[in-house]
Amino acid sequence: MRFLDSHFHLMVEEFEEDRESVLQRALDQGVKDLMVITLDHAETKKAIAFNQAHGNPFLIAAGIFPEDLDKDNEAYWKEFCELCAKPEIAAIGEIGLEYHWVRDVELRRKQKLLFVKQIELAKSLNKPYLVHSRDAMQDTFDIMKAHGGRGLVHCFPGSLEMAKEFHKLGFYTAIGGAITFKNARHAVEVVKGMDIRYLLSETDSPYMAPVPHRGHRNEPSYIPMIVEKMAEVRNVSLEEMAEQIHHNWMNFLSLDTIKL
């Protein structure tokens, strides 16, 4: 079986001591569709170098996180566009809206402008984008609907009804370890009732570890546990669910085949 982790932060300090082992454990578990998220230029360059040194086992996304508005200046944006145009960068992300910690109306307005700017960059480069949305579901939907492109909402926080609206527009929803939590009512409802063609799996590691690792560092080798829960919710085999998610990922990337 081939598993997908569409969103994990391999280059952060939590993995500094055992990054190679973390990657190898994932590959050993069949997690061979991998997208590493980077959130500043240094991290992006570090990911490119690490990937090349290890035979390019993963894809890389580069983005400006919504709270990092200080990076939205001419010099940083110029280098960001140059990095994103490189063939080593497969997607733009994570980008989006973070309202949970941001109450100021003007700061939210600036987040929306930065979000739109990065979507338009992704479209100009013909690359997909990966979206963070927290306490901002309606604004996220409105912006994605207005600007289009190939997008997914990671760690999907919305209702089943909202997921269906995203799917109507061709956007994907990624679900992580939260589906294994005892109180995971919304995630379970989304996976059970959504259009299966738009479902993706992720860890968001080192955060949000699934049961039985909840409360500890997450890593991509735990993806089979997440996909197994998805299969249980949909009443299908693990093999069938893994194959469907891989097919969805290829469609999201707009690739017929991919070798990792």
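Computation of the quantities below employed the complete heavy-atom set of this structure, encompassing side-chain atoms and omitting hydrogens, waters and symmetry-equivalent molecules. Along the sequence shown, residues are numbered consecutively beginning with 1.
- Within a 6.0 Å sphere centred on CZ of R197, heavy atoms belonging to other residues, nucleotides or ligands number 12 at most.
- In this structure, NZ on K71 lies 4.5 Å from CG on D40, to the nearest 0.5 angstrom.
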Problem set entry | Test side chain to side chain contact (heavy atoms under 4.5 Å, CB included) applied to L107 and W101, step by step | CA-CA 11 Å; L107 290 179; W101 303 111; over 6 Å; no

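- Between L121 and Y129, every side-chain heavy-atom pair lies at or beyond the 4.5 Å cut-off.
- A donor-acceptor pair is defined here as one N or O able to donate and one able to accept, closer than 3.5 Å; such a pair exists between the side chain of H41 and the backbone of Y76.
- Within 6.0 Å of the CG atom in N235, the count of heavy atoms belonging to other residues, nucleotides or ligands does not exceed 12.
- Side chain of K46 to backbone of T38: no donor-acceptor contact under 3.5 angstrom is found.
- Residue E243 qualifies as open at atom CD: its count of foreign heavy atoms under 6.0 Å is 12 or below.
- R150 places no side-chain N or O within 3.5 Å of a backbone atom of A122 that could act as its donor or acceptor partner.
- The only member of K110, K112, K117, K78 that meets salt bridge (Lys or Arg N to Asp or Glu O under 4.0 Å) when paired with D72 is K117.
- Going from atom NE2 of H216 over to atom OH of Y222 covers 8.5 Å, rounded to the nearest 0.5 Å.
- The number of heavy atoms from other shown groups lying within 6.0 Å of CD (E13) does not exceed 12.
- Judged purely by atom type and a 3.5 angstrom limit, H246 has no side-chain atom pairing as donor or acceptor with the backbone of A242.
- Side-chain contact between S221 and V22: absent, with no pair of heavy atoms (C-beta onward) separated by less than 4.5 Å.
- Inter-residue side-chain proximity for E228 and M241 is flagged as unmet; no heavy-atom pair is nearer than 4.5 Å.
- Ring geometry, F50 versus F58: the interplanar angle falls under 30°, so the pair is classed parallel (tilted spans 30 to 60°).
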For this session: Could you walk me through whether Q29 and F3 pass side chain to side chain contact (heavy atoms under 4.5 Å, CB included), step by step?
Result: CA-CA 8 Å; Q29 289 296 316; F3 294 100; 5.9 Å; no

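- Here the side chain of K145 pairs no donor or acceptor atom with the backbone of E165 at under 3.5 angstrom.
- With a 4.5 Å cut-off on side-chain heavy atoms, L169 and M144 do not count as touching.
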For this session: Determine, step by step, whether E79 and K45 satisfy the salt bridge (Lys or Arg N to Asp or Glu O under 4.0 Å) criterion, reporting the C-alpha distance in whole Å, the side-chain angles of both residues, the deciding distance to 0.1 Å, and the verdict.
Result: CA-CA 11 Å; E79 185 174 0; K45 294 172 184 177; 2.8 Å; yes

Exercise. Run the side chain to side chain contact (heavy atoms under 4.5 Å, CB included) check on V12 and E43 step by step: do they pass?
Worked result: CA-CA 8 Å; V12 297; E43 193 177 41; 3.6 Å; yes

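- For F156 and H186, the ring centers are positioned 6.0 Å apart or more.
- No side-chain donor-acceptor contact under 3.5 Å links R134 to the backbone of Y99.
- Atom SG of C155 sits about 7.5 Å away from atom CD1 of I175, to the nearest 0.5 Å.
- Taking the six-membered ring where the residue is Trp, H154 and H7 present parallel rings, their angle staying beneath 30° rather than reaching 60°.
- With contacts defined as side-chain heavy-atom distances shorter than 4.5 Å, the pair L199/Q244 does not qualify.
- The neighbour count for H247 NE2, taken as heavy atoms of other residues, nucleotides or ligands under 6.0 Å away, does not exceed 12.
- Residue L34 holds its CG atom at 11.5 Å from CD1 of I60, rounded to the nearest 0.5 Å.
- Checking side-chain atoms of T203 against main-chain N and O of F8 turns up no donor-acceptor pair under 3.5 Å.
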For this session: Go through the steps to decide whether K123 and E120 satisfy the test salt bridge (Lys or Arg N to Asp or Glu O under 4.0 Å), and finish with yes or no.
Result: CA-CA 5 Å; K123 288 163 57 181; E120 292 301 323; 3.2 Å; yes

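- For E94 (side chain) and I37 (main-chain N/O), no donor-acceptor pair under 3.5 Å exists by modelled atom type.
- Rounded to the nearest 0.5 angstrom, Q118 CD and C81 SG are separated by 9.0 Å.
- One distance of note links CE of M208 with CD of E202; it measures 8.5 Å at 0.5 Å rounding.
- The aromatic rings of F166 and F171 sit perpendicular to each other, their planes meeting at more than 60°, with 30° as the lower class boundary.
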For this session: Might you work through the side chain to side chain contact (heavy atoms under 4.5 Å, CB included) test for E240 and R234, ending with a clear yes or no?
Result: CA-CA 10 Å; E240 183 178 346; R234 295 285 301 202; over 6 Å; no

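- A continuous path of hydrophobic side-chain contacts links I143 to M137 [ILVMFWY only; heavy atoms under 4.5 Å].
- In this structure a side-chain-to-backbone donor-acceptor pair under 3.5 Å is present from S201 to L4.
- Residues V102 and P66 fail the side-chain proximity criterion, which asks for heavy atoms closer than 4.5 Å.
- The pair E189-K192 does not meet the salt-bridge criterion, since no charged nitrogen lies less than 4.0 angstrom from a carboxylate oxygen.
- Hydrophobic clustering places I48 together with L125 (ILVMFWY residues linked when any side-chain heavy atoms are closer than 4.5 Å, directly or through intermediates).
- Around atom CD of E17, no more than 12 heavy atoms belonging to other residues, nucleotides or ligands sit under 6.0 Å away.
- Although no hydrogens or angles enter the test, the distance criterion places a donor-acceptor pair under 3.5 Å between the side chain of K127 and the main chain of C84.
- The aromatic rings of F65 and H132 sit perpendicular to each other, their planes meeting at more than 60°, with 30° as the lower class boundary.
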